[in-house]
Amino acid sequence: MAVHRFEATIRELKELSPSVKHFRLSSPSAFTFKPGQFVVLSVPNPSGKLVKRSYSIASPPKADEFELCVKGVPGGEASPYLFSRKEGDTLQCQGPLGAFVVKDEANALVLVGTGTGVAPYRAMVQDLLERGFKKNILLLCGYRHEEEVLYDKEFSHLAKLHDNFHYHPVVSRPAPGYRGAVGRVQQLIEAYAKEVNADFYLCGLTEMIDDVKKLLEEKGAKRIFFERYD
Ligand SMILES: Cc1cc2nc3c(=O)[nH]c(=O)nc-3n(C[C@H](O)[C@H](O)[C@H](O)COP(=O)(O)OP(=O)(O)OC[C@H]3O[C@@H](n4cnc5c(N)ncnc54)[C@H](O)[C@@H]3O)c2cc1C
């Protein structure tokens, strides 16, 4: 798939949580990608020097646009700039890049993500279900606080529509009275990921990936793919 360099216009910006924004961006018609791939944005840091940062595409392939979900990392070089953008502003993009894509559609999938690590799964899950994927897809997402849970309504809705799609979010530091599941994604794996022969996908920060990979290997999982955000 050819890598393109292009200027994308921000068509829509939405606050998904206090620290995460969703971007809908224009793309040239030649820009195609596989769900799970990412783009690289060139962004001025606070000193004005251009830095490059990667962002997973959070939408399935569409004719002339794509979506991103960006966490504002306090003190970060690039993400505060992205956070300060407005609808109509432009961003310098390069992509698609990466190989974190569904490897074998003959297998059941277990998708594990923390924070914005859910972004590539939004692309994969929508694409697979739209195309009539029949194997089980288990999506396990971990967050610190309940207000940080991303795309919850969308995933819950898809899980109601499709018998083969199962969605479980978990929160590690809930406010008193929180009614959802409390803990870490590791506990969700123990509770729900019973098919050890599934293909496991892990996305997020290294600490989670290393922990979960170790846990899965101890359980005998053989096909583990991951995308590290740091
Ligand atoms: C392949 C790939 C895909 C990525 N996709 C996304 C994405 O879809 N959405 C997204 O928000 N980020 C994503 N990232 C992370 C992103 O590229 C930047 O690292 C992030 O925006 C911080 O950049 P910064 O310049 O603001 O921070 P920097 O000054 O570079 O500081 C980096 C520190 O920020 C922390 N950090 C990085 N990413 C995150 C995060 N997502 N959540 C919490 N802490 C983080 C890490 O601890 C890291 O040490 C991706 C990274 C890679 C390699």
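As the structure lists them, so they are numbered: ligands from 1, and atoms in each ligand from 1. Values reported hereafter were calculated over all heavy atoms of this structure, with side chains retained and with hydrogens, waters and symmetry mates removed.
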Inset, instruction - Working to the nearest 0.5 Å, report the span between CG of L91 and CG of L82. - result: 6.0 Å

Inset, instruction - Would you mind checking which non-hydrogen protein atom is closest to atom 8 (O) of ligand 1, with the distance to 0.1 Å? - result: S56 N, 3.1 Å

Legend entry - From E7 atom CD to Q92 atom CD, the distance as rounded to the nearest 0.5 Å: 4.5 Å

Inset, instruction - Give the residue, atom name and distance (to 0.1 Å) of the protein heavy atom nearest atom 34 (O) of ligand 1. - result: V73 CG1, 3.5 Å

Legend entry - Those atoms of ligand 1 less than 4.0 Å from some heavy atom in P80: 26 (O)

Inset, instruction - Would you please determine whether G117 falls within less than 4.0 Å of ligand 1 on a heavy-atom basis? - result: no

Legend entry - Cationic tip of R85 above Y81 ring, under 6.0 Å, 45° of axis: yes

Inset, instruction - Using heavy-atom distances, let me know which of Y229, Y81, F100, F23 sits nearest atom 19 (O) of ligand 1. - result: Y229

Inset, instruction - Identify whether the distance between the nearest side-chain nitrogen and carboxylate oxygen of E190 and K219 falls below 4.0 Å. - result: yes

Inset, instruction - Compute the ring centroids of H162 and F133, then answer whether they are less than 6.0 Å apart. - result: no

Inset, instruction - Consider every N or O of V70 and every N or O of ligand 1, then say whether any pair is closer than 3.5 Å. - result: no

Inset, instruction - Would you kindly specify which portion of F38 sits under 4.0 Å from ligand 1, judged on non-hydrogen atoms: side chain, backbone, both or neither? - result: side chain

Inset, instruction - Report yes if T116 has an N/O atom closer than 3.5 Å to an N/O atom of ligand 1; otherwise report no. - result: yes

Legend entry - Salt bridge flag under 4.0 Å for residues R53 and E77: yes

Legend entry - atom 27 (O) of ligand 1 [closest protein heavy-atom partner, distance rounded to 0.1 Å]: G76 CA, 3.4 Å

Legend entry - Under 3.5 Å: N/O of S54 near N/O of ligand 1: yes

Inset, instruction - Please check if a non-hydrogen protein atom sits closer than 4.0 Å to atom 53 (C) of ligand 1. - result: yes

Legend entry - Nearest-0.5 Å distance that lies between atom CD in E227 and atom OG in S56: 5.5 Å

Inset, instruction - Number the atoms of ligand 1 from 1 as they appear, then name those within less than 4.0 Å of a heavy atom of A78, with their elements. - result: 24 (P), 25 (O), 26 (O)

Legend entry - The one among E67, Q37, K52, R53 that brings a heavy atom closest to atom 18 (C) of ligand 1: R53

Inset, instruction - Give yes if a backbone or side-chain nitrogen or oxygen of R228 is under 3.5 Å from a nitrogen or oxygen of ligand 1, and no if not. - result: no

Legend entry - Nearest non-hydrogen protein atom, atom 20 (C) of ligand 1: Y55 OH, 3.8 Å

Inset, instruction - Give the residue, atom name and distance (to 0.1 Å) of the protein heavy atom nearest atom 11 (O) of ligand 1. - result: K71 N, 2.8 Å

Legend entry - For E77, the ligand 1 atoms whose distance to one of its heavy atoms is below 4.0 Å: 24 (P), 25 (O), 26 (O), 27 (O), 28 (P), 29 (O)

Legend entry - Closest contact, heavy atoms only, A2 versus P96: O-CD, 3.4 Å

Inset, instruction - Determine yes or no for a side-chain-to-main-chain donor-acceptor pair under 3.5 angstrom, with E87 supplying the side chain and L13 the backbone. - result: yes

Inset, instruction - Give, for atom NE2 of H145 and atom OH of Y143, the distance between the pair rounded to the nearest 0.5 Å. - result: 13.5 Å

Inset, instruction - Classify the angle between the aromatic ring planes of F100 and Y201 as parallel (below 30°), tilted (30 to 60°) or perpendicular (above 60°). - result: perpendicular

Inset, instruction - Give a yes or no on whether the ring-centroid distance for F66 and F31 is below 6.0 angstrom. - result: yes

Legend entry - Protein heavy-atom partner closest to atom 26 (O) of ligand 1 - residue, atom, separation in Å: S79 OG, 2.6 Å

Legend entry - Per-atom contact, atom 29 (O) of ligand 1, protein heavy atoms, under 4.0 angstrom: yes

Inset, instruction - Heavy-atom distances under 4.0 Å are what count here, so tell me which part of C69 touches ligand 1: side chain, backbone, both or neither. - result: backbone

Legend entry - V39 side chain reached by I57 side chain, heavy atoms, under 4.5 Å: yes

Legend entry - Taking atom 47 (O) of ligand 1 as the reference point, the nearest protein heavy atom with its distance: D230 OD2, 4.3 Å

